[in-house]
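The structure under discussion appears below in the form of structure tokens.
Side chains included, hydrogens not; waters and symmetry mates left out as well; all remaining heavy atoms used.
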Amino acid sequence: MKLSDRLERIAAQAAEVTEGYVADVGTDHGFVPIRLIESGKVKHVIAMDVRKGPLARAREHVREFGMEDQIETRLSDGLKELKPGEADTVIIAGMGGELMLRILRDGAHMHASVKHYVLSPQSELSAFRHGLEQLEFAIQKEQMLVEDGKYYVIMHVSPGTMHYEHAYEYRYGADLIRKKDPVLQEFLERELTQGEELFVHLSQAKTEGAKKRAESLKNELMETKEAYHALQGID
């Protein structure tokens, strides 16, 4: 099965770190679990979703590929129906950062047995990285890609401690900056160009709301420039 670049990378990351037992939270159509079994590196996947409709479609796809013995579908709100010892690796992708943090908090009963998390939040990345730190998770590595004009981050996370020195590292990813990730560089350049154009426009406006937004944007641009300079190796 050929998936989108984003889903292929998520599956590849999970297959790389797992000992063979994976849970996919919010599995939707069940394509990532199927790809994991196809990889030959995964023995069993629990495909979970809070919605009955997508789970039924996932079950149909699993049946089409003849993988009923290797992929179990399970109705679950986040990690609530997953039991300790059933998976050493958990995938959570395609959701907002706040929802994903809630799933991780509610899934505290799994923290002692899950060794690896493959996470791809679609929003609130700074708050998400801060949230991981507070929940005592550590980001091992990140990768960034652009697909259909949208930028995505995929994180490999494990139980542990982490702390970043700079605010921009939480916003843009310390590992991506350290590695001088070319996709992040492209993203930062776009953020700076669009942000500076908007700042000029807001600065010309006379309303109080525009002035407040301009001041906020000024601070955001400073943070973005700090990240860009760090990526470039400029003090």
### Message
Please give me the minimum heavy-atom distance between Asp28 and Ala58, naming the atom from each residue.
### Response
O-CB, 3.5 Å

### Query
Judged by modelled atom types alone, do Glu133 and Tyr164 share a side-chain donor-acceptor pair under 3.5 Å?
no

### Message
Check this for me: Glu165, atom CD, are more than 12 non-hydrogen atoms of other residues, nucleotides or ligands nearer than 6.0 Å?
### Response
no

Validation: residues 89-99 side-chain donor-acceptor distances under 3.5 Å, sequence neighbours left out:
{"unit_1": "Thr89", "atom_1": "OG1", "unit_2": "Thr18", "atom_2": "OG1", "d": "3.3"}

### Summary
So the side chain to side chain donor-acceptor pair (under 3.5 Å) pairs with at least one residue in residues 172-181 (sequence neighbours excluded) are Tyr172-Thr224, Asp175-Arg178, Asp175-Lys179

### Message
Assigning hydrophobic clusters by single linkage (Ile, Leu, Val, Met, Phe, Trp, Tyr; side-chain heavy-atom cutoff under 4.5 Å), is Val42 placed with Val62?
### Response
yes

### Non-hydrogen side-chain atoms of Arg171 and Glu223 separated by less than 4.5 Å
yes

### Query
Should we count NE2 of His201 as having more than 12 external heavy atoms under 6.0 Å?
no

### Query
With the 4.5 Å side-chain cut-off for hydrophobic clustering, are Leu79 and Leu36 part of the same group?
no

### Message
Leu104 vs Leu132, test: side-chain contact (heavy atoms from CB on, under 4.5 Å). Steps then yes/no.
### Response
CA-CA 9 Å; Leu104 290 171; Leu132 290 177; 3.8 Å; yes

## Note on the structure
Scanning both residues in full, the closest heavy-atom pair of Leu82 with Ala87 reads CD2-CB, 4.4 Å

### Query
Does a side-chain heavy-atom distance below 4.5 Å link Met110 with Pro84?
yes

### Query
His61 side chain to His29 main-chain N or O, any donor-acceptor pair under 3.5 Å?
yes

### Query
Should we say atom CG of Asn219 is surrounded by more than 12 heavy atoms from elsewhere, each under 6.0 Å from it?
yes

#### Entry: Pairing of Glu16 and Lys141 as salt bridge, 4.0 angstrom limit
yes

### Query
Do the side chains of Lys225 and Glu196 get nearer than 4.5 Å, heavy atoms only?
yes

### Summary
CD (Glu8) and CG (Leu145) are apart, to the nearest 0.5 Å, by 12.0 Å

### Task
Working to the nearest 0.5 Å, report the span between CZ of Arg35 and CD1 of Ile10.
13.0 Å

## Note on the structure
Value for CG (Leu135) from NE2 (His111), rounded to nearest 0.5 Å, stands at 6.5 Å

### Task
Give a yes or no on whether Glu147 atom CD has more than 12 heavy-atom contacts from other residues, nucleotides or ligands under 6.0 Å away.
yes

### Task
Compare all side-chain heavy atoms of His116 with those of Gln13 and state whether any distance is below 4.5 angstrom.
no

### Query
Transitively linked via ILVMFWY side-chain contacts under 4.5 Å: Ile139 with Leu184?
yes

#### Entry: NZ/NE/NH1/NH2 to OD/OE distance under 4.0 Å, Arg213 and Glu220
yes

### Message
What's the separation between atom NZ in Lys212 and atom CG in Leu202, rounded to the nearest 0.5 Å?
### Response
14.0 Å

### Message
Minimum heavy-atom separation for Ile71 and Ala47, please, with both atom names.
### Response
CG2-CB, 4.2 Å

### Query
In Å, rounded to the nearest 0.5 Å, how long is the span from OG of Ser203 to CG of Leu198?
9.0 Å

### Message
Measuring only between side-chain heavy atoms, which start at C-beta, is Arg9 closer than 4.5 Å to Tyr152?
### Response
no

### Task
Kindly say whether Met67 contributes a backbone atom to a donor-acceptor pair with the side chain of Gln70 at under 3.5 angstrom?
no

### Query
Any side-chain heavy atom of Met155 sitting closer than 4.5 Å to one from Val153?
yes

### Query
Minimum heavy-atom separation for Leu101 to Ala127, with atom names?
CD1-O, 3.9 Å

### Task
Spell out, yes or no, whether Ile37 and Leu7 are grouped together once hydrophobic residues are joined by side-chain heavy atoms under 4.5 Å, including indirect joins.
yes

### Query
Okay, side chain of Thr193, backbone of Glu189: is any donor-acceptor separation there less than 3.5 Å?
yes

### Query
Does any pair with a residue in residues 99-127 pass salt bridge (charged side-chain N to carboxylate O under 4.0 Å, His left out), and if so which ones, sequence neighbours excluded?
Glu19-Lys115, Asp77-Arg102, Arg102-Asp106

### Query
Does Arg129 come within less than 4.0 Å of Glu142, counting only side-chain N to carboxylate O?
yes

### Message
Do Met48 and Thr27 make a side-chain contact, defined as non-hydrogen atoms from C-beta onward lying under 4.5 Å apart?
### Response
no

### Task
Flag yes if Val22 and Phe65 sit in one hydrophobic cluster, no otherwise; membership is Ile, Leu, Val, Met, Phe, Trp, Tyr, and two members link when side-chain heavy atoms are under 4.5 Å apart.
yes

### Task
Check for a donor-acceptor pair, side chain of Asp88 on one end and backbone N or O of Tyr21 on the other, with a separation under 3.5 Å.
yes

### Query
Do you know the tightest heavy-atom contact between Leu75 and Leu55?
N-CD2, 3.3 Å

#### Entry: Straight-line distance of Leu221 CG to Gln194 CD, nearest 0.5 Å
11.0 Å

### Parallel, tilted or perpendicular: rings of Tyr117 and Phe137 (30°, 60°)
perpendicular

### Task
With the side chain counted from C-beta on, respond yes when Arg74 and Glu86 share a heavy-atom pair under 4.5 Å apart, and no when they do not.
yes

### Task
Walk me through it: do Glu191 and Tyr228 pass the test side-chain contact (heavy atoms from CB on, under 4.5 Å)?
CA-CA 10 Å; Glu191 289 284 281; Tyr228 189 72; over 6 Å; no

### Non-hydrogen atoms of Leu217 and Phe199 that approach each other most closely
CD2-N, 3.5 Å

### Task
Salt-bridge test for Glu60 and Arg63: reply yes if a basic N is under 4.0 Å from a carboxylate O, no otherwise.
no

